[in-house]
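Just below is one structure, and these are the notes that go with it.
For the numbers below, each heavy atom of this structure counts, side chains included, while hydrogens, waters and symmetry mates do not.
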Amino acid sequence: MPSTPLRVAVVCSSNQNRSMEAHNILSKRSFNVRSFGTGTHVKLPGPAPDKPNVYDFKTTYEQMYNDLLKKDKELYTQNGILHMLDRNKRIKPRPERFQNCKDHFDLVITCEERVYDQVVEDLNSREQETCQPVHVINVDIQDNHEEATLGAFLICELCQCIQHTDDMENEIDELLQEFEDKSGRTFLHTVCFY
């Protein structure tokens with residue numbers, strides 16, 4: 001078992017729903033975790049599918065919450081967005097972009113294949129400094145509240161199993177295969193280097 005806790009990053013598109021639910025669960029289980037988005041802007045559902053609420057990554061969860069409260073309290077209460085933002089602002093002040101973070105992680109878990117591709121592309125474009133490996137794993141999670149919760153527990157279970165391996169580098173492929181068989185999901189996995 002590793003002597004230091006795994007450094008985990010969870011990444012979705014807007015750092016709102018899936019990555020924040022996993023961040024919440026993992027932090028309650030004492031993991032060293034951060035969460036991120038890879039999008040150019042933060043998008044939240046609006047009054048119609050073609051009218052999302054778009055924010056800059058510098059906008060705090062509190063500011064988003066207050067903006068949506070003013071726009072349509074009933075709609076954003078009913079669809080769970082205000083509840084989600086309330087949870088988010090208790091975890092950290094604002095969403096963060098993965099591409100702007102230079103911290104090193106042992107494990108980066110993405111929540112959809114497009115985000116996985118963006119994370120791998122970003123990591124591979126960085127100048128290698130330490131040759132420290134980072135495992136990037138994709139767990140496809142639909143972007144809704146229920147799937148985010150189920151996905152967060154799956155990510156947590158995966159992190160716990162990886163944390164308890166004697167040799168992560170040599171055991172991770174077998175571990176992921178077991179998780180695929182158990183969950184009925186397919187995981188993408190690659191190793192990048194810092």
Side-chain angles (χ1 to χ4, degrees), residues 7-105 107-123 125-126 136-156 159:
R7 292 166 299 171
V8 180
V10 187
V11 190
C12 66
S13 186
S14 289
N15 197 197
Q16 290 287 344
N17 184 28
R18 298 165 293 178
S19 62
M20 287 300 285
E21 183 65 21
H23 186 154
N24 188 34
I25 301 275
L26 288 168
S27 64
K28 286 179 179 174
R29 303 287 193 292
S30 301
F31 276 92
N32 178 356
V33 62
R34 290 188 56 199
S35 59
F36 301 93
T38 56
T40 52
H41 292 91
V42 173
K43 292 182 183 173
L44 290 172
D50 62 337
K51 294 180 182 171
N53 290 287
V54 180
Y55 300 97
D56 188 278
F57 269 89
K58 292 180 180 87
T59 310
T60 67
Y61 292 121
E62 181 77 34
Q63 290 167 323
M64 293 177 208
Y65 183 94
N66 291 333
D67 181 50
L68 297 180
L69 198 60
K70 280 186 263 175
K71 284 181 178 177
D72 191 336
K73 181 181 178 181
E74 189 176 328
L75 171 66
Y76 298 112
T77 298
Q78 184 270 325
N79 69 8
I81 300 297
L82 290 178
H83 176 75
M84 179 185 73
L85 288 169
D86 188 53
R87 174 206 60 205
N88 292 355
K89 66 185 179 177
R90 284 184 268 122
I91 296 170
K92 64 183 192 177
R94 65 178 44 88
E96 297 174 88
R97 278 192 88 221
F98 181 79
Q99 295 92 326
N100 297 340
C101 176
K102 300 307 173 204
D103 294 347
H104 291 190
F105 300 95
L107 188 60
V108 177
I109 300 178
T110 61
C111 299
E112 67 179 90
E113 190 170 344
R114 179 178 54 87
V115 172
Y116 173 86
D117 292 341
Q118 291 169 323
V119 165
V120 170
E121 180 183 342
D122 179 68
L123 289 169
S125 72
R126 297 179 185 189
V136 184
I137 299 171
N138 184 66
V139 179
D140 267 324
I141 302 169
Q142 287 181 19
D143 196 0
N144 63 54
H145 301 300
E146 185 178 335
E147 287 297 318
T149 301
L150 294 172
F153 282 108
L154 181 64
I155 288 170
C156 184
C159 289

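- Minimum heavy-atom separation, Val54 to Lys43: CG2-CG, 4.1 Å.
- Rounded to the nearest 0.5 angstrom, Leu150 CG and His145 NE2 are separated by 13.5 Å.
- Leu75 is listed as a side-chain neighbour of Pro47, based on a closest heavy-atom distance under 4.5 Å.
- Between Pro45 and Ile81, the shortest heavy-atom contact is CD-CD1, 3.6 Å.
- Relative to the six-membered ring of Phe98, Arg126 meets both conditions, a distance below 6.0 Å and an angle of at most 45° to the axis.
- We find the SG-CD1 distance between Cys159 and Ile137 to be 7.5 Å, quoted to the nearest 0.5 Å.
- The environment of NE2 in His104 is crowded: more than 12 heavy-atom neighbours from other residues, nucleotides or ligands sit within 6.0 Å.
- Put simply, the residue from Arg34, Lys92, Arg97, Arg94 that forms a side chain to side chain donor-acceptor pair (under 3.5 Å) with Asn15 is Lys92.
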Let's go through Met64 and Asn88 carefully: what are the C-alpha distance in whole Å and the side-chain angles of both, what is the deciding distance for side-chain contact (heavy atoms from CB on, under 4.5 Å) to 0.1 Å, and is it a yes or a no? CA-CA 11 Å; Met64 293 177 208; Asn88 292 355; over 6 Å; no

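- Taking both residues in full, the closest heavy atoms of Tyr65 and Leu82 are given as CE1-O, 3.3 Å, listed atom of the first, atom of the second, then distance.
- Within 6.0 Å of the NZ atom in Lys71, the count of heavy atoms belonging to other residues, nucleotides or ligands exceeds 12.
- Contact of the Ile155 side chain with the Ile141 side chain is registered, since non-hydrogen atoms from C-beta on lie closer than 4.5 Å.
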Apply side-chain contact (heavy atoms from CB on, under 4.5 Å) to the pair Phe153 and Ile25, showing each step before the final yes or no. CA-CA 7 Å; Phe153 282 108; Ile25 301 275; 3.5 Å; yes

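- Annotation for Pro95 and Val42: closest pair CG-CG2, 3.7 Å, computed over non-hydrogen atoms.
- In this structure, CD on Glu21 lies 11.0 Å from SG on Cys156, to the nearest 0.5 angstrom.
- Asn53 contributes atom CG, which lies 11.0 Å from atom OG1 of Thr59 (distance to the nearest 0.5 angstrom).
- No more than 12 heavy atoms of other residues, nucleotides or ligands shown are found within 6.0 angstrom of NZ on Lys28.
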May I have the step-by-step check of side-chain contact (heavy atoms from CB on, under 4.5 Å) for Asn100 and Glu96, ending in yes or no? CA-CA 8 Å; Asn100 297 340; Glu96 297 174 88; over 6 Å; no

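- The CG atom of Leu68 lies 3.5 Å from the OH atom of Tyr55; values are rounded to the nearest 0.5 Å.
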Step-by-step side-chain contact (heavy atoms from CB on, under 4.5 Å) determination, Gln16 to Met84: CA-CA 8 Å; Gln16 290 287 344; Met84 179 185 73; 3.8 Å; yes

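- Between the side chain of Gln63 and the backbone N or O of Thr60, at least one donor-acceptor pair lies under 3.5 Å.
- Pairing each heavy atom of Arg18 with each of Ser13, the nearest pair is NH2-N, 3.9 Å.
- Between the side chain of Gln99 and the backbone N or O of Thr38 there is at least one donor-acceptor pair closer than 3.5 Å.
- Here OG1 of Thr110 is found 13.5 Å from CZ of Phe36. Values are rounded to the nearest 0.5 Å.
- Contact record, Val10 with Cys111: CG1-SG, 4.1 Å, taken as the closest heavy-atom pair.
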